[in-house]
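Remarks on the structure that follows.
Keep in mind that what you see is a predicted model, and the values were worked out from it rather than measured. For ligands, and for the atoms within them, numbers begin at 1 and follow the listed sequence.
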Amino acid sequence: MKEMAAIAGPGRMAYRVRMETAPAPTRAHVAVLITAAGRGERMGGDLPKQWQALAGRSVLARSIAAFDGFGRVVVTVAPGDMDRAVELLGGRVTLVAGGASRAESVRAGLEVLEGSAITHVLIHDGARPLVSSAVIDAVVAALDAGAVAAAPGLAVTDALWRGAGGVVTGIASREGLFRAQTPQGFELAAILAAHREGGGDAADDVELMQRRGVPVRITPGDEDNLKLTWPGDMARAELILAERGTGMDVRLGNGYDVHAFGPGDRVFLCGVELPHDRGLIGHSDADVGMHALTDAIYGALAQGDIGRHFPPSDPQWKGAASEIFLRHAAELAREMGYAIGNVDVTLIAERPKIGPHAGAMQARLAGIMGIEPARVSVKATTSERLGFVGREEGIAAIATATLIGGR
Ligand SMILES: Nc1ccn([C@@H]2O[C@H](COP(=O)(O)OP(=O)(O)OP(=O)(O)O)[C@@H](O)[C@H]2O)c(=O)n1
Ligand SMILES: C[C@](O)(CO)[C@H](O)COP(=O)(O)O
């Protein structure tokens, strides 16, 4: 009620009514909107900063992971990054095309939340991957307590100067000044109305609320919640992550596959083409070793198997090179915060002889997964002429993968 009293002036009455009826948020009713449509020009690099790797995992994936447990996560990405986003994040978040300015991107993300059960939204920079749960919880607690808007800030502690031409031209008071951070939390109806009125060149969403006279509660910020802006910020963030040194999370997965022989004059095994008097039958290139390995990685991630990610019913995967599947599994592991510790593939075949090619297979698999060959083992055994392998009706493969996460 105190906050409502602070709102006055024409055009604010409709909003005032919504404030009186807004339910208290629970995490199921709080959405997270992550802005990731910027170009990262100050950071530079081959990719916009949110897609760059920070300690083995993309900046954006880290920012998203910080908000586990919220009702819905919407991510705004540049239209040109949509394919990459679908591949890396599809299914886990709602992807929305962002705009030319941060405010336009936020508005696009807010619009998809309207009409849902969501009552509140946390708007966070995709470029702030180190936000802590303490910072997030404080914003949510302020909303829970009835604030229409709440955001983390850090009181300015350094003296402030004005300067021009490399010399100090004046002194500014730091009294009552704060450095703004995200996530900035709002009642959904209030922030959506503010954006529809026009976000313009607002640096953040607090500024829009401020323009409308809505009080914004300041919650504690965190020095580690830096916005990656300049190239040196990446190294600083790496150091913070190294200091956090959270516990290690080791995962194990296994995979098994079989392909039958059919007409042909070559087989593909672990990415290497071997001349043979028969071929292997399959929807893709029938690389049984690579399929078993791919399933081992998906298994360690608890992300199903190849068929879930590349359905055989989809004609686009007919005859596909199996390295597409393995590359995807390895990339998914990285996105989910895991490094591949080691993999071990055993091919079970009477013929062709695998031993002479095992080194080439090891190098090929390592290259596809982007890891050192020393972490890859490829070996083979026969089936002592027993069973379908022994009768040379097909080739089987088993594989194991360990993934190491925790940072
Ligand atoms: N049109 C835009 C511009 C920015 N952002 C996002 O807003 C956040 C904060 O912006 P900033 O650090 O300024 O990012 P960039 O605009 O990418 O950086 P730069 O100004 O250096 O190009 C980032 O997560 C960025 O991706 C956005 O979603 N849409
Ligand atoms: C929203 C913000 O992170 C608050 O500090 C910031 O304003 C966005 O970054 P920019 O560099 O001002 O675009």
Examine A100 against ligand 1 and note whether any of their N/O atoms are separated by less than 3.5 Å.
yes

Do any heavy atoms of G98 fall under 4.0 Å from ligand 1?
no

Identify the protein heavy atom lying closest to atom 13 (O) of ligand 2, giving its residue, its atom name and the separation to 0.1 Å.
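Nearest protein contact, heavy atoms only, for atom 13 (O) of ligand 2 is R42 NH2, 4.0 Å.
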
Looking only at protein heavy atoms, what sits closest to atom 12 (O) of ligand 2 is A203 CB, 4.3 Å

Only heavy atoms of D125, strictly under 4.0 Å: list the atoms of ligand 2 that pass.
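By the 4.0 Å cutoff, the relevant atoms are 1 (C), 2 (C), 3 (O).
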
Checking the N or O distance criterion of under 3.5 Å, is ligand 2 in contact with K227?
yes

Evaluate side chain to side chain contact (heavy atoms under 4.5 Å, CB included) for F268 paired with L280, printing each intermediate quantity in order.
CA-CA 8 Å; F268 295 91; L280 288 171; over 6 Å; no

Nearest non-hydrogen contact with atom 1 (C) of ligand 2 belongs to which option: V106, I123, D204?
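Looking at heavy atoms only, D204 sits closest to atom 1 (C) of ligand 2.
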
Looking only at non-hydrogen atoms, which of K227, R39, K49 approaches atom 18 (O) of ligand 1 most closely?
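The nearest heavy atom belongs to K49.
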
Less than 3.5 Å apart, any donor N or O on the side chain of H291 or S322 sitting next to an acceptor on the other?
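The criterion, which ignores hydrogens and geometry beyond distance, is satisfied for S322 and H291.
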
Side chain, backbone, both or neither: which part of [X] comes within less than 4.0 Å of ligand 1 when only heavy atoms are counted?
X: A78; value: neither
X: A127; value: both
X: S101; value: backbone

Does a side-chain N-to-carboxylate-O contact under 4.0 Å join R102 and D205?
yes

Nearest heavy atoms of D285 and A321, plus distance in Å:
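Result for this residue pair: OD2-CA, 3.4 Å.
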
Step-by-step salt bridge (charged side-chain N to carboxylate O under 4.0 Å, His left out) determination, D68 to R27:
CA-CA 10 Å; D68 269 357; R27 289 205 170 207; over 6 Å; no

Contact between R128 and ligand 2, counting heavy atoms under 4.0 Å?
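Yes, R128 has heavy atoms under 4.0 Å from ligand 2.
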
